[in-house]
There are 2 protein chains.
Amino acid sequence: MVKSDQFNITPIVASSSLRTLAYEALKAAITNMDIYGRAEEVRLDERKLSQDLGVSRTPVREALTVLEQEGFVRSEARRGVFVIKKTKKEIVGMIHAWAALESMAARLACERATDAQLKSLREMFPEFYEGRPSEHIDEYSDANIRFHQKIISLGQCEVIEDLSSNLLMHVRGIRNTALRQGDRSEKSIKEHVQIIKALEARQKEVAETLVRDHGLGLAAHVNTYGDYLE
Amino acid sequence: MVKSDQFNITPIVASSSLRTLAYEALKAAITNMDIYGRAEEVRLDERKLSQDLGVSRTPVREALTVLEQEGFVRSEARRGVFVIKKTKKEIVGMIHAWAALESMAARLACERATDAQLKSLREMFPEFYEGRPSEHIDEYSDANIRFHQKIISLGQCEVIEDLSSNLLMHVRGIRNTALRQGDRSEKSIKEHVQIIKALEARQKEVAETLVRDHGLGLAAHVNTYGDYLE
DNA sequence: AGATTGTATCTGGTATACCAGAATCTATTC
DNA sequence: GAATAGATTCTGGTATACCAGATACAATCT
């Protein structure tokens, strides 16, 4: 008999249950939708979603359960499932939690990451070293997110990575919006530079403090400018 | 007609869907079970659970979905759903995340909590001030957990509270076990006293640092003594 | 007309039937 | 007797039927 490991079989349909499919579709729909633009609540209809996705209610419900657990939707018995609008207070809370986790990741990164890994941080974002202001703000928004994700991944703590990625899904939009307000982007870049230096020097206390304060700064910023959230 | 608000009607069956019931039952069963005592994996049978709980598979499955999301069980298609045994590495990671969140909560508590609230911390744990060693270890274990929960609640950040409470469910057992190893309990008490003092003095940087290091100490302790986890 | 009540309808919650993959057992083959 | 092929059984995944609460609307009464 032929051993299957002689081939490099790429799984045709890969691994994805309908539930996972539904989950990803719904999550994408929710995160891409501009929740805060509209005034009234957005209601999701299980049966309609089932039809649109071409599956039965069961996997849709399971996907909605996960999304509810992650804080994206709220389900009221016999009334409907609604997309959750986060309050400013909740957003600020998430940023605080994020700051806590990322600063711990920075500390761990100083202890665990290789020199090459830490160096890659600087190479990933050369533009930080050129004083360019908020011209290419769109590209920078993405680079900004990637920067923080990179720090978290360098911490090599899976729990922190998971918790953070969930938080990020909720605050991604806000984070990019904040960059366009006041002098946030310039300030942000300068702080990033400092953070990179501290990490490269493996000054864990410094890196930890800088990352935390950077996060707290964002929280304060949102607290000041984020009135559009409510 | 009689207005219903003239009565103080207490809802008979209260509010609990079968799914919630099943969730709580299963969670209690899992957390009370000594997972690390037995060698082989624990498998949960949906149909059997349905029978035992007296409900259909549907609410049981939804409960299992939530538990899977929280990291208590893992579901393999057409093979079964298993209670997850955390590896030592994962436990240490959770403690790191916990330490990050709690230290942020301590900082926030310094800024937000009232004097009375901070004072209550000391009053809740008078035994910390008497040099008693690990005699009343059982009571102390509970007090230990409550202490940390109290700090987190004083931070008044709901996100941090929620994330922490989930982590706590996973680490509770280990945390108490650790107290009985080495001189962990004596060390722990001393650090608690320092933390209380810093909080009362509203020295947020100090409190933050102490809480973080206390958590990191536990992580290191588990890393050293926690071989029984695997 | 306004308030009220009855009813049709819509919603998520639950129960159940069925499916296909995986594991186990059994009978056949060499 | 060991190996293999087939069938049985068990599992979670999915689809569907039904239920009861909630809502909206229409019929009714005052």
Side-chain angles (χ1 to χ4, degrees), chain A residues 1-5 9-26 29-30 40-84, chain B residues 1-6 9-26 30 40-84:
Chain A
M1 187 185 180
V2 182
K3 293 242 195 84
S4 63
D5 55 50
I9 302 179
T10 56
I12 305 280
V13 292
S15 56
S16 43
S17 56
L18 293 188
R19 161 179 147 183
T20 306
L21 260 300
Y23 167 76
E24 288 170 357
L26 292 177
I30 290 177
E40 76 292 348
E41 280 193 309
V42 180
R43 204 182 124 270
L44 269 38
D45 188 315
E46 284 186 9
R47 285 170 170 86
K48 187 172 187 315
L49 293 175
S50 307
Q51 286 184 335
D52 294 352
L53 294 173
V55 298
S56 82
R57 281 177 60 204
T58 307
V60 173
R61 295 197 91 248
E62 299 195 327
L64 287 174
T65 300
V66 176
L67 289 171
E68 180 173 18
Q69 184 69 199
E70 293 179 338
F72 287 104
V73 302
R74 160 180 45 90
S75 173
E76 293 181 24
R78 274 157 244 114
R79 288 191 32 85
V81 27
F82 304 90
V83 176
I84 289 186
Chain B
M1 188 187 178
V2 181
K3 293 244 196 81
S4 63
D5 55 50
Q6 292 186 357
I9 301 179
T10 56
I12 305 280
V13 293
S15 55
S16 42
S17 57
L18 293 187
R19 159 180 149 183
T20 306
L21 260 299
Y23 167 76
E24 288 170 357
L26 291 177
I30 290 176
E40 75 293 347
E41 280 194 309
V42 180
R43 202 181 125 270
L44 269 40
D45 188 317
E46 285 187 9
R47 287 169 168 86
K48 188 172 186 312
L49 293 175
S50 306
Q51 285 183 337
D52 294 351
L53 294 174
V55 298
S56 82
R57 281 177 61 204
T58 307
V60 173
R61 294 196 92 247
E62 299 195 327
L64 287 174
T65 300
V66 175
L67 289 171
E68 179 173 18
Q69 184 68 199
E70 293 179 338
F72 287 104
V73 302
R74 160 180 45 90
S75 174
E76 292 181 25
R78 274 158 244 114
R79 287 190 33 85
V81 28
F82 303 90
V83 177
I84 289 186

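The analysis underlying the following values was restricted to heavy atoms, covering all of them including side chains, and did not include hydrogens, waters or symmetry mates. Lettering of chains follows the sequences in order, A, B, ..., and the numbering in each one begins at 1.
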* Structure fact -> Between B:Val60 and B:Glu46 the two heavy atoms that sit nearest each other are CG1-O, 4.3 Å
* Flag side-chain contact, heavy atom, 4.5 Å: B:Ile30 against B:Val73 -> yes
* To do: Name the nucleic acid region contacted by A:Arg47, choosing base, sugar-phosphate or nothing; use a 4.0 angstrom heavy-atom cut-off, strictly under.
  => base
* Non-hydrogen atoms of A:Thr65 and B:Glu62 that approach each other most closely -> CG2-O, 4.4 Å
* Structure fact -> The first and last nucleotides of DNA chain D lying within contact of chain B, meaning any atom under 4.0 Å from one of its heavy atoms, run from D:dT11 to D:dT14
* Please tell me if the side chains of B:Arg43 and B:Arg79 come closer than 4.5 Å, counting only heavy atoms from C-beta onward. => no
* Asked: Base, sugar-phosphate, or nothing: which does B:Leu64 touch, judged by heavy atoms less than 4.0 Å apart?
  -> nothing
* Asked: If you pin A:Arg79 and B:Arg61 to their nearest nucleotides in DNA chain D, which one's is more 5'?
  -> B:Arg61
* Structure fact -> From the list A:Leu67, A:Val42, A:Leu26, side chain to side chain contact (heavy atoms under 4.5 Å, CB included) with A:Val83 holds only for A:Val42
* Where each residue is assigned the nucleotide of DNA chain C containing its nearest heavy atom, which of B:Gly54 and A:Leu44 is assigned the position nearer the 5′ end? -> A:Leu44
* Residues B:Arg74 and B:Glu68 bridged, charged N to O under 4.0 Å -> no
